[in-house]
Amino acid sequence: SEHLADIIFCVLNGVGLLVCLAAAILVVALRLHRKIVYRLFLYQVLAGIAFATVQMLQIVFLNYDDKSPRVYARLCIAIGFLVLYTQWIKVFFATCATFHLFCFAILYKNLKKLEALYVVTSLLVPALFAIVPLITHSYHYAPPGCFINKDNSTEPQIAEIERLALWNVPAMVILFVASIAMVVMVTILTFRVKREPIKDGDQFWKALKQLLPLAAFPILFFILVIPELIYGIYVSTSSTVNDGVVLAASVFVAMWGIASGAVVIVHISVARLCCRNEKKRPLDAVHVDGSKLQPLLSNDHTMKQESFVKVNMSSITHFSLPEELQSNAE
């Protein structure tokens with residue numbers, strides 16, 4: 001019972017690892033990685049695999065031995081750095097994907113040429129956040145794992161300020177803005193759907209249902225940051241920590257790995273189900289590139305209905321292209 005939270009923490013991260021592996025296999029097997037949005041979410045899933053794997057390594061602290069603190073201290077520093085680094089990678093890839101979807105669906109801009117910038121930004125900027133605690137020697141073990149924590153020689157306020165400045169506050173701000181962008185995007189598209197003819201509106205409502213799971217990424221991550229913030233404040237201000245609180249924190253932290261893969265799997269399942277329910281393959285008939293984008297659910301009611309349903313949402317949600325267009329797949 002003494003290590004119940006640690007055991008549950010490692011088991012849940014193991015589940016997260018399996019879920020992320022399944023999501024990555026699905027994306028590759030269905031060749032969805034040919035589209036930039038899916039590649040961004042594939043990067044997100046790969047970061048989830050790294051996050052869950054690193055968190056599982058913390059099982060070694062079940063046998064923590066005070067007689068060899070240096071070994072555990074060095075391992076904890078490495079784990080703490082990788083945990084913070086992979087969490088930030090997930091936040092940045094989710095934000096980049098949100099930005100890309102918003103520009104694509106609302107502003108009618110195909111920014112696939114920015115993929116390299118997305119990747120470089122999502123890999124380099126998180127390193128800047130994760131390096132600072134290395135310099136200040138702030139990575140220590142405290143349930144549910146190694147992170148920016150206080151130790152016997154550190155004032156709790158210092159550790160809390162550093163955690164707030166390097167993780168909780170900036171992550172909450174970034175994810176809050178991304179969440180608002182996703183909500184605005186879905187709201188605008190929903191209102192536009194309602195103004196269109198029923199036949200065409202049905203086509204786009206199916207497309208929106210496929211988009212909604214992807215919209216959940218920043219919102220879900222924002223929700224998961226909040227308990228971490230509350231737990232950090234609780235630990236720094238309390239002389240003793242309740243076991244139930246530690247267990248709850250273990251569950252919420254482990255959910256970062258599970259959520260990464262689960263959202264992608266749900267999206268793929270919903271999208272494929274929508275496609276199977278169609279007598280004809282929807283949104284597959286046209287290849288859309290930056291020069292051929294038509295306004296999604298345009299307000300221009302003079303647009304012909306035939307062109308109305310052949311729009312850029314197809315390049316986000318469809319699962320296959322006609323053979324003659326395979327060579328032009330993004």
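Numbering starts at 1 and runs along the sequence shown.
- Contact check for Phe51 versus Asn13: side-chain heavy atoms found under the 4.5 Å cut-off.
- No donor-acceptor pair under 3.5 Å is formed between the side chain of Thr98 and the backbone N or O of Ala178.
- Closest approach of Phe221 and Ala259 over heavy atoms only: CE2-CB, 4.1 Å.
- Rounding to the nearest 0.5 Å gives a distance of 11.0 Å between CD of Gln44 and CD1 of Ile49.
- Linking ILVMFWY side-chain heavy atoms closer than 4.5 Å, directly or via other members, places Leu18 and Ile59 in two distinct hydrophobic clusters.
- The closest side-chain heavy-atom distance from Val91 to Phe217 is not below 4.5 Å.
- Put simply, the side chain of Glu228 reaches to within 4.5 Å of the side chain of Trp256, judged on heavy atoms.
- In this structure, NE2 in His100 is found 6.5 Å from CG in Leu40, a value given to the nearest 0.5 Å.
- Using a 4.5 Å cut-off on side-chain heavy atoms (C-beta onward), Phe147 and Gln58 make no contact.
- For Phe252, the CZ atom sits in a loose shell: 12 or fewer heavy atoms of surrounding residues, nucleotides or ligands are nearer than 6.0 Å.
- Side-chain contact between Phe93 and Arg39: absent, with no pair of heavy atoms (C-beta onward) separated by less than 4.5 Å.
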Could you go through the side-chain contact (heavy atoms from CB on, under 4.5 Å) check for Leu26 and Ile265 one step at a time?
CA-CA 8 Å; Leu26 274 177; Ile265 292 175; 4.1 Å; yes
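- Separation of atoms CD1 (Ile148) and CZ (Phe81) is listed at 11.5 Å; rounding is to 0.5 Å.
- Val253 and Leu57 end up in the same hydrophobic cluster when Ile, Leu, Val, Met, Phe, Trp and Tyr side chains are linked at under 4.5 Å.
- No side-chain heavy atom of Cys146 sits less than 4.5 Å from a side-chain heavy atom of His140.
- Note on ring orientation: taking the six-membered ring where Trp is involved, the planes of Trp167 and Trp88 are perpendicular (angle over 60°, cut-offs 30° and 60°).
- Across all non-hydrogen atoms, the minimal contact from Ala130 to Pro133 is O-CD, 3.3 Å.
- Of all non-hydrogen atoms in Leu166 and Phe129, the two that sit nearest each other are O-CD2, 3.4 Å.
- Of all heavy-atom pairs between Gly257 and Cys20, the closest is O-SG, 3.1 Å.
- Distance CG/Leu84 to CD1/Ile89: 10.0 Å, rounded to 0.5 Å.
- In terms of hydrophobic clustering, with Ile, Leu, Val, Met, Phe, Trp and Tyr side chains grouped at heavy-atom distances under 4.5 Å, Ile180 and Val177 are assigned to different clusters.
- At least one side-chain heavy atom of Met182 sits under 4.5 Å from a side-chain heavy atom of Met185.
- Considering all non-hydrogen atoms of both residues, Leu12 and Ala254 come closest at CB-CB, 3.5 Å.
- Two rings, from His267 and Tyr38, have their centers less than 6.0 Å apart.
- Taken from CG in Leu42 to CD1 in Ile36, the straight-line distance is 12.5 Å, to the nearest 0.5 Å.
- Counting all heavy atoms, side chain and backbone alike, Ala52 lies closest to Leu17 at CB-N, 3.7 Å.
- Two different hydrophobic clusters hold Ile25 and Ile268 under the rule that ILVMFWY side chains link at heavy-atom gaps under 4.5 Å.
- Phe102 is listed as a side-chain neighbour of Val184, based on a closest heavy-atom distance under 4.5 Å.
- Atom CD of residue Gln87 and atom CG of residue Leu224 lie 9.5 Å apart, to the nearest 0.5 angstrom.
- Criterion: ILVMFWY side-chain heavy atoms under 4.5 Å apart, direct or through other members. Under it, Ile223 and Tyr231 are not part of a common hydrophobic cluster.
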Under 3.5 Å, which donor-acceptor pairs link side chains of residues 116-127 to any protein atom two or more places apart or in another chain?
unit_1 : atom_1 : unit_2 : atom_2 : d
Thr121 : OG1    : Leu117 : O      : 2.8
Ser122 : OG     : Tyr118 : O      : 2.8

What do the steps show when you test Ile219 against Leu175 for side-chain contact (heavy atoms from CB on, under 4.5 Å), and what is the final call?
CA-CA 7 Å; Ile219 298 173; Leu175 291 171; over 6 Å; no
